[in-house]
Amino acid sequence: MSNNSWRDRLRALPVFGHDLPGFATDAAPADPIDLVTEWLSFAIDDGVSQPHAMTIATADADAAVSARTLILKDLTPEGLWFSTMANSQKGHDLTANPNAALLFYWREHGRQVRVSGEVSPGDRTIAEADFLQRSTEARAVAIAGLQSGVLAGLEQFDSAVADARAILDFKPDYVPDAWTAYLVKPMTMEFWQATRDRDQIRLRYTRTDGGWARELLWP
Ligand SMILES: Cc1cc2nc3c(=O)[nH]c(=O)nc-3n(C[C@H](O)[C@H](O)[C@H](O)COP(=O)(O)O)c2cc1C
């Protein structure tokens with residue numbers, strides 16, 4: 001298929017043809033954590049698909065950027081939480097450069113939330129509780145091999161996961177040292193709302209000494 005027909009096919013796809021929620025920026029709360037809580041809560045209640053899935057972009061020591069999807073594990077006044085292995089690619093990136101960007105896209109609501117901030121490992125007890133809430137299979141896979149390391153083949157995977165299940169049978173509360181709950185402390189957060197007539201509303205919060213500054217952005 002030529003480039004032209006791909007352009008036509010892509011151009012023909014609808015983006016926001018459905019009813020969308022409004023965004024009264026004048027009434028937005030002073031703290032962006034309250035607003036993301038409000039938007040996420042509405043996304044969950046309204047049946048948005050995987051509303052807790054977010055993209056996280058990190059950069060390594062050479063400033064090479066990479067992104068992947070993660071699950072949001074908690075929202076607290078301090079920020080947004082995710083869990084992963086500290087010895088994964090993203091874990092190494094965060095050790096070299098603790099700045100990261102998060103992105104939520106709730107397509108059913110035409111909403112995007114961008115977060116940039118500083119990432120730090122949370123208390124060990126949070127990581128332990130988080131790991132123990134995972135299914136046995138998810139725990140076995142997490143401890144079977146080095147996340148982001150090269151896998152020789154599916155046989156290696158099956159046998160390593162079987163070994164990991166045996167470890168968990170013997171020690172059900174085993175938590176690997178590398179499992180880490182990370183807190184993203186937002187420095188900026190931007191809330192983007194599409195409207196049906198293709199306008200967009202953008203509100204950015206920037207952390208100040210004692211609170212948050214708010215400003216509208218051109219779409
Ligand atoms: C919907 C979805 C949710 C995911 N949630 C997590 C998660 O919570 N923690 C995690 O370590 N990986 C999760 N992954 C896998 C990551 O996207 C990624 O493949 C993995 O963490 C390795 O990333 P890295 O090589 O950049 O370290 C998820 C993937 C998808 C598609």
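Predicted model, so just to flag it, every value in this text is computed and none were measured. In listed order, ligands and their atoms are each counted from 1.
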Asks: Could you check atom 26 (O) of ligand 1 against the protein and tell me its nearest heavy-atom contact, residue, atom and distance included?
Replies: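 The closest heavy atom on the protein side is R68 NE, 2.7 Å.
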Asks: Would S83 count as a contact of ligand 1 if the rule is a heavy atom under 4.0 Å away?
Replies: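 Under 4.0 Å: yes for S83.
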Asks: When you compare ligand 1 with K73, is there at least one nitrogen or oxygen pair between them that comes in under 3.5 angstrom?
Replies: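 No; every N/O pair is 3.5 Å or more apart.
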Asks: Rounded to the nearest 0.5 Å, what's the gap from OG1 on T58 to NE2 on H92? Could you check?
Replies: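 Going from the OG1 atom of T58 to the NE2 atom of H92 covers 11.5 Å.
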Asks: Below 3.5 angstrom, do we get any N/O pair linking Q89 and ligand 1?
Replies: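 Min N/O separation from ligand 1 is below 3.5 Å for Q89.
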Asks: Does R68 reach the main-chain N or O of A57 with its side chain, forming a donor-acceptor pair under 3.5 Å?
Replies: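 Side chain of R68 to backbone of A57, a donor-acceptor pair under 3.5 Å: no, none is there.
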Asks: Does either side chain, that of T188 or that of S116, offer a donor lying less than 3.5 Å from an acceptor on the other one?
Replies: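 Indeed, the side chains of T188 and S116 share at least one donor-acceptor pair under 3.5 Å.
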Asks: In sequence, state the C-alpha distance, the side-chain angles, and the governing distance for W39 and F191, and then conclude on ring pair (Phe, Tyr, Trp, His ring centres under 6.0 Å).
Replies: CA-CA 9 Å; W39 280 26; F191 295 79; 5.3 Å; yes
Asks: For the residue pair S66 / Q89, report whether a side-chain donor-acceptor contact shorter than 3.5 Å exists.
Replies: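 On atom types as modelled, these side chains qualify, holding a pair under 3.5 Å.
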Asks: Considering only non-hydrogen protein atoms, determine which one is nearest to atom 22 (C) of ligand 1 and report residue, atom name and distance to 0.1 Å.
Replies: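 The protein heavy atom lying closest is K90 NZ, 3.5 Å.
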Asks: At a 4.0 Å threshold, what atoms of ligand 1 neighbour a non-hydrogen atom of T84?
Replies: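 Those of ligand 1 that fall under 4.0 Å from T84 are 10 (C), 11 (O).
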Asks: What's the shortest distance from atom 8 (O) of ligand 1 to any protein heavy atom, and which residue and atom give it?
Replies: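 It is I71 N, 3.3 Å.
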Asks: Assess the side chains of T84 and K90: does a donor N or O sit below 3.5 Å from an acceptor N or O?
Replies: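 Per modelled atom types, T84 and K90 side chains form a pair under 3.5 Å.
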Asks: Any chance the side chains of E78 and T76 put a donor and an acceptor closer than 3.5 Å?
Replies: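 Present: a donor and an acceptor within the cut-off.
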Asks: For atom 25 (O) of ligand 1, what is the closest protein heavy atom, and at what distance to 0.1 Å?
Replies: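 Residue, atom and distance for the closest contact: S148 OG, 2.5 Å.
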Asks: Within the structure, does Q50 bring an N/O atom to less than 3.5 angstrom of an N/O atom in ligand 1?
Replies: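 Checking ligand 1 against Q50, no N or O pair falls under 3.5 Å apart.
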Asks: Is a donor from one side chain sitting under 3.5 angstrom from an acceptor on the other, for W81 and D130?
Replies: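 W81 vs D130: no donor-acceptor pair found between side chains.
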Asks: Where is the nearest protein heavy atom to atom 7 (C) of ligand 1: which residue, which atom, and how far?
Replies: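 Ranking protein heavy atoms by distance from atom 7 (C) of ligand 1, first comes L70 CD2, 3.5 Å.
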Asks: Could you identify the single nearest non-hydrogen protein atom to atom 16 (C) of ligand 1 and state the distance to 0.1 Å?
Replies: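 The closest one turns out to be T69 O, 3.2 Å.
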Asks: Distance to 0.1 Å, residue and atom name: give those for the protein heavy atom nearest to atom 20 (C) of ligand 1.
Replies: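 Answer, as residue, atom name and distance: Q147 NE2, 3.5 Å.
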